[in-house]
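Notes follow the structure.
Computed from a prediction, not measured in an experiment: that's the story for all the values here. Only heavy atoms go into these numbers, but all of them, side chains included; no hydrogens, no water, no symmetry mates. Residue numbers start from 1 in every chain, and the chains themselves are labelled A, B, ... in the order their sequence lines are given, proteins ahead of strands.
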Number of protein chains: 2
Amino acid sequence: MRVLGVDPGLTRCGLGTIEAEAGRRASLVDVRVARSSPHMSPDKRLLIIADEIDRVIEETKPDVMAVERVFAQDNVRSVMGTAQVAGIVLLAAARAGIPIEMHTPSEVKAAVTGSGRAGKQQVEAMVQRILRLRERPRPADAADSLAIAICQAWRGGTASLCAQPDRTQHGGAGTLPRAHGADLTPAQRMWANAERMSRRHGAVAPK
Amino acid sequence: MRVLGVDPGLTRCGLGTIEAEAGRRASLVDVRVARSSPHMSPDKRLLIIADEIDRVIEETKPDVMAVERVFAQDNVRSVMGTAQVAGIVLLAAARAGIPIEMHTPSEVKAAVTGSGRAGKQQVEAMVQRILRLRERPRPADAADSLAIAICQAWRGGTASLCAQPDRTQHGGAGTLPRAHGADLTPAQRMWANAERMSRRHGAVAPK
């Protein structure tokens, strides 16, 4: 299943696409950052970002999309721009007929590292391991978009795991292995542990 | 000059188009409210609103658009949805190649009534008079979108007034009459007075 994660932003908008496979494996398909200059008018900036989102959808053909949920913060002007970008991301998905979900920053952190309070560095390190990348994805917006995609893949995976208890018990081909399965790579084991931890701490409620 | 004003909202989005003519006259071209159900997913809701915005642009062919500037308020969840709609309005304008500006609620109130603190009723009454409508536009979102269009028309009008002092002095055909001109209708006079008041109180800085 191909997942496009979006870290919304007007100056930098992270767009990360991963291929989530059976057995808790995931690989990088594409990652890029759409940028627009603060010197341009808001409508022109949104157009640049929207065109790049459409381009990524066209090129990577995701089955599902995810975008970080925006909350009001101290920097009101910035958060309004971020919410506007989230709006055009949701619209782009709807126009392309692709389902899209929103995840909070703490849900994303918990899904990837096991802790909803994990720092940027921890998230980046886990994204690197899960996707078996030689280097940490840069800039931070790129890493965040991949973390959002991983979060979506995992939550989707959890949902189907819950829906098919028998297949999971048997551990047949194409199913997600148990968290303690001996056939997990170190990165898969970390991801599985993160999943268990976040579930135990209630940071991410299964859908 | 045809102006489309948008009062952004996810449940109700006001879309009012006016024809602003010389001599501080303005008439109603079209007013409608795009609606989406809170029971639908955010992406589907934005799609419904976006399609209606595109339809209005296609049907009324505005020369310029204006949208109310969204600020963070107490109701964070609602304001995020409103900001998302503002984002798709800005995007729709950019895609159609139509210039768009943002005005704060107090700028809109001041432009229409002379006071940035005017109540809903005052704004609605002035919109009714300026556009010579038999009834007050309903619902409130419809009246607000027309007020935003009037604000845009007036601010645009002020800018060109400032740019062409000679034509204004001579009061030739096609120019905006002076605020104290004897040839103003009562509604035009009220509008002109509102303009003077708001300028005196500094509620709306000329562009």
Side-chain angles (χ1 to χ4, degrees), chain A residues 4 6 8-10 13 34 36-37 40-54 57 62 64-105 152 207, chain B residues 4 6 8-10 13 34 36-37 40-54 57 62 64-105 152 207:
Chain A
L4 168 56
V6 184
L10 210 41
C13 179
S36 78
S37 162
M40 298 178 73
S41 64
D43 54 320
K44 300 288 190 306
R45 299 184 74 180
L46 287 166
L47 180 59
I48 289 172
I49 305 288
D51 284 350
E52 190 64 37
I53 293 167
D54 286 348
I57 291 175
V64 62
M65 289 171 61
V67 61
E68 196 164 89
R69 191 182 288 278
V70 183
F71 290 104
Q73 297 159 341
D74 291 337
N75 192 341
V76 172
R77 186 167 281 268
S78 147
V79 85
M80 287 296 132
T82 307
Q84 289 172 358
V85 174
I88 64 167
V89 172
L90 291 162
L91 179 62
R95 288 213 156 132
I98 300 168
I100 182 164
E101 294 191 25
M102 284 187 274
H103 304 294
T104 65
Q152 174 62 38
K207 289 201 306 178
Chain B
L4 168 57
V6 185
L10 210 41
C13 180
S36 79
S37 163
M40 298 178 74
S41 63
D43 53 319
K44 300 287 191 306
R45 299 184 75 182
L46 287 166
L47 180 59
I48 289 172
I49 305 287
D51 284 350
E52 190 65 36
I53 293 167
D54 287 347
I57 291 174
V64 61
M65 289 172 62
V67 61
E68 195 164 89
R69 192 182 287 279
V70 183
F71 290 104
Q73 297 158 343
D74 291 337
N75 192 341
V76 172
R77 184 169 283 269
S78 148
V79 85
M80 286 298 131
T82 307
Q84 289 172 0
V85 174
I88 65 167
V89 172
L90 290 163
L91 179 62
R95 287 212 157 132
I98 299 168
I100 183 165
E101 294 191 24
M102 285 188 274
H103 304 294
T104 66
Q152 174 62 38
K207 288 202 304 176

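- Against chain B, the residues from residues 90-98 of chain A that qualify, each with a non-hydrogen atom under 4.5 angstrom away, are Leu90(A), Leu91(A), Ala94(A), Arg95(A) in number order.
- No other option in Val85(B), Ile49(B), Asp51(B) has as many heavy-atom pairs under 4.5 Å with chain A as Asp51(B).
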Check the pair Val79(B) / Met80(A) against side chain to side chain contact (heavy atoms under 4.5 Å, CB included), numbers first and verdict last. CA-CA 9 Å; Val79(B) 85; Met80(A) 287 296 132; 4.2 Å; yes

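- Among residues two or more places apart in sequence or in another chain, the side-chain contact (heavy atoms from CB on, under 4.5 Å) test is passed with Thr104(A) by Arg69(A), Phe71(A), Ser106(A), Glu107(A).
- Per-residue counts of heavy-atom pairs under 4.5 Å with chain B were compared for Pro42(A), Ala86(A), Ala50(A); the largest is that of Ala50(A).
- Each side chain to side chain donor-acceptor pair (under 3.5 Å) pair with one or both residues in residues 84-94 of chain B, not counting sequence neighbours, would appear here, but there are none.
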